[in-house]
2 protein chains.
Amino acid sequence: MVRRTRFNDSDCPVARSVDAIGDWWSLLIVRDAFDGSRRFGEFQRSLGVAKNILTTRLRVLVAGGILDVVPASDGSSYHEYVLTPKGKDLFPVIVALRQWGEGHFFEPDEPHSEMIDRRRGQPLRMLEIRSADGRLLDPDDTAVNKVTR
Amino acid sequence: MVRRTRFNDSDCPVARSVDAIGDWWSLLIVRDAFDGSRRFGEFQRSLGVAKNILTTRLRVLVAGGILDVVPASDGSSYHEYVLTPKGKDLFPVIVALRQWGEGHFFEPDEPHSEMIDRRRGQPLRMLEIRSADGRLLDPDDTAVNKVTR
DNA sequence: TTACTTTGGTTGCAACATGCTACCAGAACG
DNA sequence: CGTTCTGGTAGCATGTTGCAACCAAAGTAA
């Protein structure tokens, strides 16, 4: 099971996020959900994960409000796992990980799956970090306000 | 140690990214590095992680080209861990996780650390996913081209 | 309606990773 | 110099993962 958030870190949103999805499989399950997987077996075949592990991960994601269990869309009496709004809000996280991976783990000519804009069939624009008034920022232009207790 | 990438997933950039940083501590170490932590002891106190765990995580991150070991900036003979360019490219991932956490794990009035724009002291703009030609996209506007082998 | 397959699990066990505590060497510090 | 600080190792208990075997309910074809 995923670890509990540590006390001295609980006021950092990154820590709470990592607590919810910070293990190997959870993020890949969410990625697959964005790619259209809905059924237990789809996730299992796509990921190659052991079934007991998948069972517990799906349960954690459902308990965490990231996936929802709904009746199967094909009319059978099985059920399916779909992203909740909270789960869909992970989209920028997945895109960020995808772009980082594309940039650093593949040779320029190496084939890899890629995310495209449906309308034009083009790859997405790189993510940009901007200030409230629209300036492009890099890490050095930012700071973290630590909460004092 | 972090798990090896599975064969049936190795062509997905998300999988390779998760393989590199997809465990509890690695991402929090990177976050701390963005926040200015450089020394072993700083990371340890900030995270509350056992020293042997921190040792192996730092080694994995250095081996993965995300952190670099450099001589200490204070002239002592100790050394420090700093983000490489590859590590700095994780900035959007951290920001995405931070924004997701802020939006879903805190009450509106609950205090938490926040990332601000140094120049104006304002929180950052929310990340936006855009097509190559600049249209705002949501998950349903995108698709993933799977590589066929 | 009966036999077979698919789906979505559960269970038990072995191996591995994690975390705690104690210890330790070299550098800094007074 | 003697003490403290820093950055680790080592050993051991516990927790988590992964594999393989098993299983029941639902679907399917005759």
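Letters A, B, ... mirror the listed sequences (proteins, then strands); counts begin at 1.
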What's the [atom1]-[atom2] distance between [X] and [N], to the nearest Å?
X	N	atom1	atom2	answer
A:D23	C:dT18	CG	C1'	14 Å
A:L47	C:dG8	CG	P	14 Å
B:D74	C:dA27	CG	C1'	12 Å
B:E80	C:dA27	CD	C1'	15 Å
B:K51	D:dC5	NZ	C1'	10 Å
B:R57	C:dG19	CZ	C1'	11 Å
A:Y81	C:dT7	OH	C1'	11 Å
A:L54	C:dG8	CG	P	10 Å

Looking at [N], I'd like to know if its phosphate oxygens (OP1 or OP2) sit under 4.0 Å from a side-chain N or O belonging to [X].
X	N	answer
B:H79	C:dA27	no
A:R39	C:dG8	yes
B:S77	C:dA28	yes
B:W24	C:dT18	no
A:W25	D:dT17	no

**Message:** So that I can tick it off, tell me whether A:D32 and A:R45 are bridged by a salt bridge, with the cut-off set at under 4.0 angstrom between side-chain N and carboxylate O.
**Reply:**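 Not counted as a salt bridge, because no side-chain N and carboxylate O are separated by less than 4.0 Å.
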**Message:** With heavy-atom distances below 4.5 Å as the criterion, would you say the side chains of A:P92 and B:W100 are in contact?
**Reply:**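 No - every pair of side-chain heavy atoms lies 4.5 Å or more apart.
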**Residue pairs involving residues 130-139 of chain B (criterion salt bridge (Lys or Arg N to Asp or Glu O under 4.0 Å); sequence neighbours excluded)** =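 Residue pairs passing salt bridge (Lys or Arg N to Asp or Glu O under 4.0 Å), neighbours aside: A:D117-B:R135, A:R120-B:D133, B:E128-B:R130, B:D133-B:R135.
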**Asked** With nearest nucleotides of DNA chain C determined for A:Y78 and A:R59 from heavy-atom distances, which residue corresponds to the more 5′ nucleotide?
**Response**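 In this pair, the answer is A:Y78.
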**Side chain B:W25, main chain B:L47, donor-acceptor under 3.5 Å** =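 Absent.
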**Asked** C:dG9, C:dC23, C:dG19: which one has an atom nearest the side-chain heavy atoms of A:T55?
**Response**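 So the nucleotide nearest the side chain must be C:dG9.
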**Asked** Starting at the 5' end of DNA chain D, which residue's closest nucleotide do you reach first, A:N52 or A:S76?
**Response**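 Final value for this comparison: A:N52.
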**Item:** Pair listing, ring pair (Phe, Tyr, Trp, His ring centres under 6.0 Å) test, anchored in residues 66-87 of chain A, at least two apart
**Value:**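 Qualifying pairs, neighbours excluded: A:H79-A:Y81.
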